[in-house]
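Single-structure report; data block below.
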Amino acid sequence: MSTPQELPRRLNLIDAISIVVGIVIGAGIFLVPNLVAQSLPSAGAMLGVWVFAGIVSFFGALACAELGAAMPSTGGQYVFLRDIYGPLAGFVCGWSMFTVARTAQVAWLAVSLALYVSYFMPLSPLAIKAVALLALVVFTTINYLGVEAGARVQRGFTLAKVSGLAIIVVGAFFLSGGQHNPAAQPAPPIAIGAFGAAMIPCLLAFDGWVQVTFVAGEIKRPHRNVLLALAIGVAIVIVIYVLANASYLRVLSVKEIAASDHVGALAAERTFGPAGGKLVSLIILLSITGSLNGCFLTSPRIFFAQARDGLWFPKFAAVHPRYRTPYVAIAAQGIWSALLIVTGSYGTLVNYAMFAIWVFYGLMVAGLMILRYKQPGLPRPYRMWGYPVTPLLFLAVTGWFLWNTLITQPWPSLAGLAMMASGIPAYYVFRRWRRFRSLVVAPPAPAGRGMGDSGVC
C-alpha cells in the first residue's frame with residue numbers, strides 16, 4: 001500500500017493570521033450592533049458585551065492553540081475530536097461539516113457577496129444566483145491552483161477590509177463632530193437576560209477562528225505559529241470590533257443604532273456624506289469575499305483528512321501532483337455549495353448548522369481537559385493560559401449558548417442535533433464499505449497480520 005501524499009508546509013505566520021482575521025471579520029460588525037443595541041440601551045454595556053464575547057472567543061482560541069500545537073495535523077478540529085473521543089466523534093464532525101455546516105456557510109457567503117454586488121449594479125434574483133455561482137467557481141479555482149495562491153488572495157482581502165474599517169474609525173473620531181459621546185449618555189440598569197441576548201450575535205460575529213487549525217498541516221513551524229496566529233488574530237479582531245462600535249457610538253445614539261438595520265452605512269454617511277454608504281458596502285463586499293476565500297482555503301482540509309482515515313470517499317484524499325492541494329475536496333465543496341445555492345436550502349441549513357458548530361466547540365475544549373488528564377505526558381509546546389479556569393469559563397458560556405438556542409429556537413436546534421445524529425449510521429456504513437473495499441482491492445494479508453478497524457490511519 002502506497003504512503004499517502006502529504007500537503008507541503010507553505011503557509012507562514014502572516015498567512016495564518018490573515019486566515020483568522022479574514023474569516024472572522026465578515027458583515028457582522030456592520031449589522032450586529034443593531035441587535036446588540038435592541039437588547040442593551042447603554043453605550044457602556046454595548047461595548048462591554050463585545051469585549052466579553054471577545055474574551056470568551058479568545059479563551060476558546062487558546063484552547064484550540066494548545067491542541068493545534070500538540071497535534072499539528074491537517075484537519076484540525078476533526079483530528080482533535082478523533083484522537084480524543086475516537087473515530088466516531090471525528091466522523092460525525094466531518095460529516096456535519098461537509099453535508100451542512102461549512103458548505104452551507106460557503107453558499108450563504110457567496111449569495112451575500114452577490115447581494116452586495118447588486119448594491120453597485122442592479123441584479124435580478126436569477127442574476128444574483130449566477131453571480132454567487134460564479135464566485136464559487138472563482139474561489140474554487142484559486143485554491144485548487146495552490147495554497148500559496150489562496151494565501152495571497154487571503155492576505156490581500158484581509159488587508160483591504162482592515163484598512164476600510166480603519167478609515168471608518170478614523171473618520172468617526174477625527175472628521176465627525178462627535179454628535180454622540182458614549183461617556184455622556186445615561187446608563188440605565190441592565191438585566192442579565194438582556195446582556196445574554198446581546199452576547200449571542202456577538203459570539204456569532206467572532207466565529208471562525210477555529211478554521212486556521214484545518215490547515216495546521218500546511219503551516220510552517222506549527223508548534224509556534226498556530227498559537228501565535230490564533231492569539232494575535234483573535235486579539236486583532238477584538239480591537240477592531242471594539243473600535244468600530246466606539247466609532248458608531250461616536251456619531252450615532254444608541255436609539256439610532258437600535259433602529260437601523262445598516263448601522264455601519266448610517267455611521268459612514270454621517271461622517272463622509274452620501275459616499276459613506278457606498279464605502280461601507282464596498283468594505284462589506286471585501287469582508288465577505290475574504291471570508292469566502294478563507295473557507296475554500298481551510299474547510300476542504302477536514303474532508304481530506306477524513307478520507308485519509310478511510311472514513312470518507314477515497315478520492316477526497318488525493319493530492320494534486322502539480323499544485324499540491326487537496327483538489328478533489330476543494331472541488332467537491334464548491335459543487336455541493338453550488339447545489340445548496342441552486343436549491344435555495346442554504347439559509348435554512350445555516351441556522352441548523354450553528355447549533356452543531358457550537359456543540360463541536362464545547363467537545364473540543366472539554367477534550368483538552370480530558371487529554372490533560374489521560375495523557376499528561378503528551379508533548380505540549382504550549383499550555384493554555386489560566387487553565388482550568390479559562391476552559392471552564394468557555395464551556396460555561398458554550399453550555400448557556402446551546403441551552404438558550406435550544407429554548408429560543410427549538411426547531412433549528414433539534415434539526416442541528418438530527419443532522420449530527422445522522423452521521424452515526426453513516427459512520428458504520430463507511431466502516432463496512434472500507435472493510436469490503438480492503439478485501440476486494442487489497443491482497444490478502446499474511447497470517448497474523450490482519451488489518452485493524454479502528455477507523456484511524
Side-chain angles (χ1 to χ4, degrees), residues 5 7-8 10-11 15 18-19 22-23 26 74-76 78 94 97-117 127-158 160 208 211-212 214-215 217-218 285-308 312-347 349-350 353:
Q5 298 183 68
L7 298 174
R10 293 175 174 171
L11 299 175
D15 295 327
S18 297
I19 289 171
I23 290 178
T74 296
Y78 159 78
M97 296 300 174
F98 183 81
T99 55
V100 175
R102 296 305 175 188
T103 47
Q105 175 192 24
V106 165
W108 179 79
L109 286 169
V111 173
S112 298
L113 183 151
L115 289 171
Y116 275 92
V117 168
I128 287 174
K129 280 194 174 184
V131 170
L133 293 173
L134 177 61
L136 293 184
V137 172
V138 169
F139 290 108
T140 297
T141 303
I142 289 172
N143 288 278
Y144 182 105
L145 295 177
V147 70
E148 298 100 327
R152 283 194 297 270
V153 171
Q154 192 67 19
R155 289 196 303 269
F157 280 105
T158 299
Q211 289 177 241
V212 73
F214 301 172
V215 291
E218 294 166 85
L285 184 59
L286 294 172
S287 298
I288 293 172
T289 304
S291 297
L292 182 59
N293 180 74
C295 289
F296 274 100
L297 181 59
T298 58
S299 296
R301 271 66 180 177
I302 285 185
F303 323 133
F304 168 82
Q306 193 172 352
R308 286 182 52 138
W312 201 240
F313 302 104
K315 286 290 186 181
F316 280 62
V319 177
H320 197 282
R322 177 181 177 185
Y323 303 122
R324 311 300 296 164
T325 56
Y327 66 105
V328 175
I330 292 170
Q333 174 175 278
I335 292 169
W336 187 253
S337 299
L339 181 62
L340 297 182
I341 290 175
V342 171
T343 60
S345 59
Y346 62 91
L349 294 178
V350 164

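Computed from a predicted model, the values in this text were never measured in an experiment.
Nearest heavy atom pair, residue A353 against residue A101, reads CB-CA, 3.5 Å. The two residues F304 and A317 come nearest to each other via the heavy atoms CE1-O, 3.2 Å. Residues P300 and A329 share a closest heavy-atom pair of O-CB, 3.5 Å. Across all their heavy atoms, I341 and A107 have their closest contact at CG1-CB, 3.6 Å. Counting all heavy atoms, side chain and backbone alike, K129 lies closest to V342 at NZ-O, 3.1 Å. Contact record, A160 with L286: CB-CD1, 3.8 Å, taken as the closest heavy-atom pair.
For residues 319-343, every residue pair satisfying the side chain to side chain donor-acceptor pair (under 3.5 Å) rule, not counting sequence neighbours, is listed here: Q5-R324, T343-S345. Sorted by first then second residue, the side chain to side chain donor-acceptor pair (under 3.5 Å) pairs that include residues 138-156, not counting sequence neighbours, are R10-E148, D15-R155, N143-N293, Q154-N293.
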Open item on the list: Before you tell me yes or no, could you show the steps for L7 and V147 under side chain to side chain contact (heavy atoms under 4.5 Å, CB included), namely the whole-Å CA-CA distance, both residues' side-chain angles and the distance that decides it to 0.1 Å?
Closed with: CA-CA 9 Å; L7 298 174; V147 70; over 6 Å; no
Open item on the list: Let's go through Q211 and S299 carefully: what are the C-alpha distance in whole Å and the side-chain angles of both, what is the deciding distance for side chain to side chain contact (heavy atoms under 4.5 Å, CB included) to 0.1 Å, and is it a yes or a no?
Closed with: CA-CA 7 Å; Q211 289 177 241; S299 296; 3.6 Å; yes
Task: Steps toward side chain to side chain contact (heavy atoms under 4.5 Å, CB included) verdict (F139, T289) - done: CA-CA 9 Å; F139 290 108; T289 304; 3.2 Å; yes
TODO: Please lay out, stage by stage, how T298 and V212 fare under the test side chain to side chain contact (heavy atoms under 4.5 Å, CB included).
DONE: CA-CA 7 Å; T298 58; V212 73; 5.9 Å; no
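To the nearest 0.5 angstrom, L136 atom CG is 11.5 Å from L339 atom CG. The CZ atom of F296 sits 9.5 Å away from atom CG of L109, with the distance rounded to the nearest 0.5 Å. Distance check: L292 CG to S287 OG gives 12.5 Å after rounding to the nearest 0.5 Å. To the nearest 0.5 Å, atoms CG (L285) and CZ (F157) are separated by 8.0 Å. Within the model, atoms CG of L113 and CD1 of I128 stand 11.0 Å from one another, a figure rounded to the nearest 0.5 Å.
Within the 4.5 Å cutoff, the side chain of F214 has no heavy atoms near those of the I19 side chain. No side-chain heavy atom of Q105 sits less than 4.5 Å from a side-chain heavy atom of V100. In this structure the side chain of V328 never reaches within 4.5 angstrom of the side chain of F313, judged on heavy atoms. Contact check for Y78 versus Q306: side-chain heavy atoms found under the 4.5 Å cut-off.
Remark: side-chain polar atoms of T103 are paired, donor with acceptor, to backbone N or O of F98 under 3.5 angstrom.
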